[in-house]
Amino acid sequence: MDARRAKLARLREAGVDPFPPHFHRTHTNAQAHADFEPLSSGATPVTVAGRIMLLRTMGKATFAELRDGTDRLQAYLRVNDLGEDAYRLFLDTVDLADTVGVTGTLFVTRTGERTVHATSWQMLSKALRPPPEKWHGLTDQEVRFRRRHLDLISNLDARDVLHKRAAIVREIRRFLDERGFIEVETPVLQAQHGGAAARPFRTHHNALDRDMALRIALELYLKRLLIGGIDRVYELGRVFRNEGISRKHNPEFTMLETYEAYADYEDVMRMVEDLIATVAQRVLGTLEITVRGQTVDLTPPWPRVSLRKAILDASGVDYALHPTLESLDAAVRASGLKVEPQKTRAQLIDQLLSTCVEPHIVNPVFLVDYPVDLSPFAKRKPGEDDVVERFEAFAAGVELGNAFTELNDPDDQYERFLEQARAMAAGDDEAHVVDLDFIEAMQHGMPPAGGLGIGIDRLCAFLLDQPNLREVIAFPTLRAES
RNA sequence: GGGUCGGUAGCUCAAUGGUAGAGCAACGGACUUUUAAUCCGUUGGUUCUGGGUUCGAGCCCCAGCCGACCCA
């Protein structure tokens with residue numbers, strides 16, 4: 001770093017601003033490649049720029065590989081073309097990782113590399129620290145995520161993942177916008193967290209002297225908008241859950257929720273398979289993707305299988321025959337399954353799902369009709385007391401979405417909240433909180449509706465075949481640096 | 001939460017309990033179409049932290065911190 005500082009001083013002595021305020025390029029590197037034929041044949045001067053990734057000096061001539069956000073382009077600097085002083089200054093002051101601009105004409109070297117033949121160069125930003133090793137890049141996982149800028153400089157794959165994530169989000173918006181959904185933003189800071197089973201992050205508003213929580217879901221505010229008459233509404237936003245960090249969990253993550261009035265969960269299923277297939281086609285150009293070595297075919301329609309049948313087929317246990325925790329637990333033990341004991345029947349069913357069914361799913365499938373006690377916002381299936389119209393979409397062992405025909409009976413909703421309150425009193429710290437304000441809103445009449453939630457980070461990890469959620473998050477949550 | 005593996009030069013990695021090394025980067029030199037350019041030379045270390053065993057510890061033991069992978 002001392003050497004780089006000395007070069008910085010050397011530039012200033014030569015009257016050069018190492019961080020100049022103005023610079024205008026005529027082409028990005030990608031544009032220079034795209035228009036290479038006409039530009040090179042006409043010997044039209046171009047001005048390009050980029051970070052120096054490689055330097056190859058051969059005495060009186062130097063090759064430099066420039067990379068901007070679009071592509072790489074080689075520059076060729078020769079003492080004959082630049083003059084002694086400018087060439088000398090380049091050799092004396094330029095290091096790997098500096099950002100420079102180069103003006104010249106495009107040509108092809110005898111080894112076939114498209115190159116800009118420089119007539120002048122300009123320092124645009126002097127790097128005071130060296131880049132990671134040029135061939136191996138950064139491999140230390142901790143450094144990769146702590147200093148994501150270095151990861152992105154040296155690992156183009158990491159950059160590509162973020163580009164593709166942006167494309168996925170863009171196509172989701174486009175899909176929903178084209179169907180008349182209105183995008184909204186609802187409060188992140190809430191007096192009362194709700195809409196999911198999770199522990200919140202708590203904070204405090206000083207001026208109001210009031211404890212608040214960061215939202216754990218989007219659900220309850222979006223439903224208020226539904227009540228208000230916005231028939232198709234969605235939000236793509238960050239939610240926060242105060243839980244552990246793993247390959248599949250980040251404490252803050254991006255959630256999509258959609259609500260559509262006059263729709264039910266059957267309609268939502270059709271939308272979800274269409275949405276994910278459309279996004280895959282537009283971003284990846286295919287409906288056949290590879291996830292952890294398995295080929296996954298996203299072509300709709302996806303099979304609908306009841307949760308009860310899926311668990312019965314995978315485990316031999318029919319939970320419908322066991323209305324109590326004790327009975328179901330006994331059946332699970334009797335069948336010799338290695339399933340952790342749970343506090344409630346609903347949690348045990350959930351556990352059966354995640355250990356016996358989920359890992360074996362490859363192609364997408366909708367598991368439908370969940371037990372009511374797992375789903376406090378879903379409407380009961382007609383004629384069935386303990387089954388709700390809910391589905392979860394799975395593929396390649398990953399949950400891709402969760403949806404239901406939304407409960408809109410305020411009295412029923414109140415009863416469900418009370419049930420959750422009892423669970424909380426019994427020690428379930430993830431149980432839902434009773435939200436009387438929401439009940440009051442629902443008493444004004446919520447239209448029948450189908451609602452959907454999709455974890456965007458998990459969807460991206462799935463579509464982009466990234467085994468760790470952190471790869472699709474620019475700055476994943478890490479422990480404090482010691 | 002449990003198990004396995006790892007933390008050594010700026011980066012990527014070596015090193016039977018016995019003088020800590022290599023490649024890249026950096027620095028000096030040669031080289032006017034190179035492709036991880038090449039060639040010659042030089043510099044660079046609190047071996048994650050704290051204890052312990054030993055004549056002697058990067059290596060063995062204990063505790064901790066950080067990370068990766070697998071399992072829950």
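Proteins come first, then strands; the chains are lettered A, B, ... in the order of their sequence lines, and each starts at number 1.
Partners of A:Q294 according to the side chain to side chain contact (heavy atoms under 4.5 Å, CB included) rule, which considers only residues two or more places apart in sequence or in another chain, are A:V362, A:A396. A:M53 meets the side chain to side chain contact (heavy atoms under 4.5 Å, CB included) test with A:R51, A:E65, A:R67, A:I153; sequence neighbours excluded. A:A32 is linked by a side chain to side chain contact (heavy atoms under 4.5 Å, CB included) to A:H27, A:V48, A:L73, A:L106, counting only residues two or more places apart in sequence or in another chain. Evaluation of the side chain to side chain contact (heavy atoms under 4.5 Å, CB included) rule for A:V161 yields A:L464, A:Q466, A:V472 as partners, not counting sequence neighbours. Listed by chain and number, the residues in a side-chain hydrogen bond (donor to acceptor under 3.5 Å, both in side chains) with A:E257 are A:Y259 (sequence neighbours excluded).
Residues in residues 149-159 of chain A take part in these salt bridge (Lys or Arg N to Asp or Glu O under 4.0 Å) pairs, two or more places apart or across chains: A:R144-A:D151, A:R148-A:D151. Among pairs with a residue in residues 363-375 of chain A, those fulfilling salt bridge (Lys or Arg N to Asp or Glu O under 4.0 Å) read A:D369-A:K381, at least two apart in sequence or across chains. Counting only residues at least two apart or in different chains, salt bridge (Lys or Arg N to Asp or Glu O under 4.0 Å) contacts with residues 78-103 of chain A comprise A:R4-A:D98, A:K7-A:D95, A:R10-A:D92, A:R78-A:D81, A:R88-A:D92, A:D95-A:K126, A:D98-A:K126. Under the salt bridge (Lys or Arg N to Asp or Glu O under 4.0 Å) criterion, the residue pairs touching residues 22-36 of chain A are A:R25-A:D68, with sequence neighbours excluded.
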Could you go over nucleotides 69-72 of chain B and give all protein N or O partners under 3.5 Å, atom names and distances?
unit_1	atom_1	unit_2	atom_2	d
B:rA72	O3'	A:E340	OE2	3.4

Expected rows: protein N/O vs nucleotides 40-46 of chain B N/O, under 3.5 Å:
none

Polar-atom pairs under 3.5 Å, protein N or O versus N or O of nucleotides 22-24 of chain B: list them with distances, or write none.
unit_1	atom_1	unit_2	atom_2	d
B:rC24	O3'	A:K134	NZ	3.4

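A donor-acceptor pair under 3.5 Å is absent between the side-chain atoms of A:T115 and the main chain of A:H117, judged by distance alone.
Taking only side-chain nitrogens and oxygens, A:R56 never comes nearer than 4.0 Å to OP1 or OP2 of B:rU34.
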